[in-house]
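To keep things clear, I will list the structure first and then write my remarks on it.
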Amino acid sequence: MNTTVLYHNPRCSKSRGALEILREKGIRPEVVAYLETPPDAAQLGKLLALLGLDDPRALMRKGEPEYEALGLADAALSKDQLIAAMVAHPRLIERPVFVHKGRAVIGRPPERVLEIL
């Protein structure tokens, strides 16, 4: 994984805010528009590990219609099934996610990106 990456949705105010904060600090991350170029299952697995998250649901936007429609709250679903759902439906991925020097944080609120600088 690149040293400094922001998984970004330009339509999201939190994501735009995180990018602005980083740029103000002189950080120029590789910006990945993850709705256009979704991470694959391996990349999501690495992101979960960097975030220290065991349950993929912690990286999911539970308010998205796909979450309910796909029955993703079902405790019987495996980690791989949940990751596959995020790959197929990247809108489910929480945003923004900032990766820097082997660490990652979900930028909600946007100021959280500063925690790993």
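Being a predicted model, the structure only gives us computed values, none of them experimental. In what follows, residues are counted from 1 in the order of the sequence shown.
- Between the side chain of S15 and the backbone N or O of N9 there is at least one donor-acceptor pair closer than 3.5 Å.
- The local environment of CG in D74 is crowded, with over 12 non-hydrogen atoms from other residues, nucleotides or ligands closer than 6.0 Å.
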Exercise for the section: Please test V97 against L6 for side chain to side chain contact (heavy atoms under 4.5 Å, CB included), starting from the C-alpha separation and ending with a verdict. Expected result: CA-CA 6 Å; V97 177; L6 183 69; over 6 Å; no

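- By the 4.5 Å heavy-atom criterion applied to side chains, M60 and Y67 are counted as neighbours.
- Between the side chain of Y34 and the main chain of I93, a donor-acceptor pair closer than 3.5 Å is present.
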Exercise for the section: Could you check F98 against V5 for side chain to side chain contact (heavy atoms under 4.5 Å, CB included), going step by step and ending with a plain yes or no? Expected result: CA-CA 6 Å; F98 178 52; V5 177; over 6 Å; no

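- To the nearest 0.5 angstrom, C12 atom SG is 11.5 Å from L19 atom CG.
- Inter-residue side-chain proximity for R28 and R23 is flagged as met; some heavy-atom pair is nearer than 4.5 Å.
- Using a 4.5 Å cut-off on side-chain heavy atoms (C-beta onward), K101 and I116 make no contact.
- Considering only heavy atoms from C-beta on, K25 comes within 4.5 Å of L114 through its side chain.
- H8 has its side chain out of reach of V32: every pair of non-hydrogen atoms, C-beta onward, lies at least 4.5 Å apart.
- Shortest non-hydrogen contact noted between G17 and P110 is C-CB, 3.9 Å.
- Criterion: ILVMFWY side-chain heavy atoms under 4.5 Å apart, direct or through other members. Under it, L117 and V99 are not part of a common hydrophobic cluster.
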Practice task
Kindly determine whether Y7 and V31 satisfy side chain to side chain contact (heavy atoms under 4.5 Å, CB included), including the steps that lead there.
Solution key: CA-CA 6 Å; Y7 289 89; V31 176; over 6 Å; no

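- The minimum heavy-atom distance linking R112 with I106 is given by the pair NH1-O, 3.4 Å.
- When every heavy atom of V105 is checked against every heavy atom of V113, the shortest pair comes out as CG1-CA, 3.8 Å.
- A distance-only check finds no donor-acceptor pair linking the side chain of R108 to the backbone of K14 [under 3.5 Å].
- Ion pairing of E64 with R61 is present here, as a side-chain N (NZ or NE/NH1/NH2) and a carboxylate O approach within less than 4.0 Å.
- Atoms CG and CG, on L44 and L59 in that order, are 6.5 Å from each other to the nearest 0.5 Å.
- Nearest heavy-atom pair, L82 versus P56, reported as atom, atom and distance to 0.1 Å: CB-CB, 3.8 Å.
- A 6.0 Å sphere centred on NZ of K79 holds more than 12 heavy atoms belonging to other residues, nucleotides or ligands.
- Note that CG of L72 is 6.0 Å distant from CG of L92, once rounded to the nearest 0.5 Å.
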Practice task
May I have the step-by-step check of side chain to side chain contact (heavy atoms under 4.5 Å, CB included) for T4 and E30, ending in yes or no?
Solution key: CA-CA 6 Å; T4 304; E30 173 189 344; over 6 Å; no

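- D40 places a side-chain N or O within 3.5 Å of a backbone atom of Q43 that can act as its donor or acceptor partner.
- Put simply, CG on L70 and CE on M86 are 12.0 Å apart, with the number rounded to the nearest 0.5 Å.
- R16 places a side-chain N or O within 3.5 Å of a backbone atom of R11 that can act as its donor or acceptor partner.
- Between the side chain of E68 and the backbone N or O of P65 there is no donor-acceptor pair closer than 3.5 Å.
- The hydrophobic cluster containing I83 also contains L50, counting ILVMFWY residues as joined when their side-chain heavy atoms lie under 4.5 angstrom apart, directly or transitively.
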